[in-house]
Protein chains: 2
Amino acid sequence: MTTNERVDLDERLRAAGYRVTGPRRAVWNALRAASGHVTAEQLTAQVTPSGQADQASVYRTLALFEQLGLARQSRLGDADAARWEVAHPDEHFHLVCANCGDIDHHVGSLVSRIRDHLEGDHRFEVRDVELVVTGICARCRDDEDTP
Amino acid sequence: MTTNERVDLDERLRAAGYRVTGPRRAVWNALRAASGHVTAEQLTAQVTPSGQADQASVYRTLALFEQLGLARQSRLGDADAARWEVAHPDEHFHLVCANCGDIDHHVGSLVSRIRDHLEGDHRFEVRDVELVVTGICARCRDDEDTP
DNA sequence: CTAAATGCAAACTCTTTGCAGATCC
DNA sequence: GGATCTGCAAAGAGTTTGCATTTAG
């Protein structure tokens, strides 16, 4: 599976006329290994000690991945740093727990419903929907109920 | 109406134990005058030349307004700077046009439907919903169709 | 071999902070 | 009068960039 991922990246890069390099593989692997929603700083920490890629390369690589549709950037709520994740083809949105800080994906039909609503009634050509819900997750609610 | 707004701010500040000052009024007025979704920098530009408030005060004041529920901060898409608007009590979300840069409010039942969905099925206590849709607005689509 | 990519360090943007002096109540 | 707030300037995060060197194709 690791092999599959790597091959996929290589092909995508070559297909777009970019070179396959160590730093790019390293950032890609770190991004996949992360549970999603990592900052560039976290990826850098993961990748610089072993000398796989410099901080500047991490930023440059992430920008490239975004452009190629491989990664997705988002600023959840009022967070200071941008967060990165592997681009998912499926409709999803983010649930941010204000208590424990956990960020969950929530897959559902909501995003496509929003899409349909805007395309139909309002003639707005939707390119991207970013839905971030802040609140208290089920686990934290349970902890509060039974202290 | 300008009087009403000012009185409202004054009361809100006093009720929370804060002082009514020139800079706070100036930032509030600039925020109301703006069509929404202004950056702190834009507000500063509006307010510093006439010596009504310093940049640092703009930031401090906006943070205070947010805490009092008078203003709302959001980072639309991958924008670098945060954008501010007067807090609306009604359910709404943002439509960002990738072509002309226009940001529209869209008022509708979608946000409350998202809320209900999560509260009901998933026991997630919703505190805030931020929905940002990026795409091409109706006007820009028309311009492309009829060049 | 040559264009593209990297590392390093410095620059840049947005935002926050420390502190002396001004201001509201 | 005394705590709160402000302006100024400097510091702090996060991110980008210029340039010499390395590297993939």
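Residue numbers begin at 1 in each chain, while the letters A, B, ... track the order of the sequences. Quantities reported herein were computed from a predicted structural model and do not represent experimental measurements. Both backbone and side-chain heavy atoms feed into the values below; hydrogens, waters and symmetry mates do not.
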**Q** Drop me the distance from A/Arg72's CZ to A/Leu70's CG, to the nearest 0.5 angstrom.
**A** 14.0 Å
**Q** In whole Å, what is the span from the CD atom of A/Glu66 to the C1' atom of D/dT16?
**A**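 Those two atoms, CD and C1', are 15 Å apart.
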**Q** At how many degrees, to 10°, do the end axes of the helix from C/dC1-D/dG25 to C/dC25-D/dG1 meet when each uses five pairs?
**A**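 Rounded to the nearest 10 degrees, the bend comes out at 30°.
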**Q** Please report the distance, rounded to the nearest Å, between CD in A/Glu41 and P in D/dT16.
**A** 14 Å
**Q** Please report, rounded to the nearest Å, how far the P atom of C/dA5 is from the CG atom of A/Leu62.
**A** 15 Å
**Q** OP1 or OP2 of D/dC5 sitting under 4.0 Å from any side-chain N/O of B/Arg60?
**A**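 Answer is no, no contact under 4.0 Å.
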**Q** Check this for me: does the side-chain of A/Arg14 come within 3.5 Å of the base of D/dG25 through a donor and an acceptor?
**A**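 It does not, because no donor-acceptor pair links the side chain of A/Arg14 to the base of D/dG25 below 3.5 Å.
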**Q** Rounded to the nearest 0.5 Å, how far does CG of B/Leu131 lie from OG of B/Ser74?
**A**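 Atom-to-atom, B/Ser74:OG and B/Leu131:CG are 11.5 Å apart.
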**Q** Atom CZ of A/Arg83 to atom P of D/dT15: distance rounded to whole Å?
**A** 10 Å
**Q** Can you tell me how far apart CZ (A/Arg75) and CG (B/Asp80) are? Round to the nearest 0.5 Å.
**A**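 A/Arg75 atom CZ to B/Asp80 atom CG measures 7.5 Å (nearest 0.5 Å).
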**Q** Heavy-atom contacts under 4.0 Å between residues 43-57 of chain B and DNA chain D, which residues?
**A**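 Here the set is B/Gln52, B/Ala53, B/Asp54, B/Ala56, B/Ser57.
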**Q** Just how far, in rounded Å, is P of C/dA5 from CZ of A/Phe65?
**A**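 It is 12 Å, rounded to the nearest whole Å.
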**Q** Restricting to ring pair (Phe, Tyr, Trp, His ring centres under 6.0 Å), what partner residues turn up for B/Tyr59, sequence neighbours left out?
**A**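 Per chain and number, B/Tyr59 pairs via ring pair (Phe, Tyr, Trp, His ring centres under 6.0 Å) with no residue.
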**Q** Run through B/Thr21, B/Leu62, B/Thr44 and flag the one making a side-chain contact (heavy atoms from CB on, under 4.5 Å) with B/Val27.
**A** B/Leu62
**Q** Please enumerate all residues that pass ring pair (Phe, Tyr, Trp, His ring centres under 6.0 Å) together with A/Phe65, with sequence neighbours excluded.
**A** A/Trp28
**Q** Run the side-chain contact (heavy atoms from CB on, under 4.5 Å) test against B/Gln42 and tell me which residues pass, sequence neighbours left out.
**A**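 Partners of B/Gln42 under the side-chain contact (heavy atoms from CB on, under 4.5 Å) test: B/Val38, B/Thr39, B/Arg83.
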**Q** Without decimals, in angstroms, what is the distance between B/Leu64 CG and C/dT17 P?
**A** 15 Å
**Q** When rounded to the nearest 0.5 angstrom, what is the spacing between OH in A/Tyr18 and CG in A/Leu13?
**A**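 A/Tyr18 atom OH to A/Leu13 atom CG measures 9.5 Å (nearest 0.5 Å).
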**Q** Is B/Arg75 close enough to C/dT15 that one of its side-chain N or O atoms is under 4.0 Å from OP1 or OP2 there?
**A** yes
**Q** Report the distance from atom CZ of B/Arg24 to atom P of C/dT23, rounded to the nearest whole Å.
**A** 15 Å
**Q** Pairs under 3.5 angstrom, nitrogen or oxygen only, protein versus nucleotides 21-24 of chain D, please.
**A**
residue: D/dA24; atom: N3; partner: A/Arg19; partner atom: NH1; Å: 3.2

**Q** Counting heavy atoms not belonging to B/Gln46, are there more than 12 under 6.0 Å from its CD?
**A** no
**Q** When you check the phosphate oxygens OP1 and OP2 of D/dT16, does a side-chain N or O of A/Tyr59 lie under 4.0 Å from one of them?
**A**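 No, no such contact exists.
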**Q** What is the distance, rounded to the nearest whole Å, between atom CH2 of A/Trp28 and atom P of C/dA5?
**A** 17 Å
**Q** Less than 6.0 angstrom separating the ring centers of A/His106 and A/His94, yes or no?
**A** no
**Q** Roughly how far apart are A/Asp10 CG and A/Arg24 CZ, rounded to 0.5 Å?
**A**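 It is 11.5 Å, given to the nearest 0.5 Å.
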**Q** For B/Glu119, look at atom CD and say whether over 12 heavy atoms of other residues, nucleotides or ligands are found less than 6.0 Å away.
**A**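 Atom CD in B/Glu119 is crowded, with more than 12 foreign heavy atoms closer than 6.0 Å.
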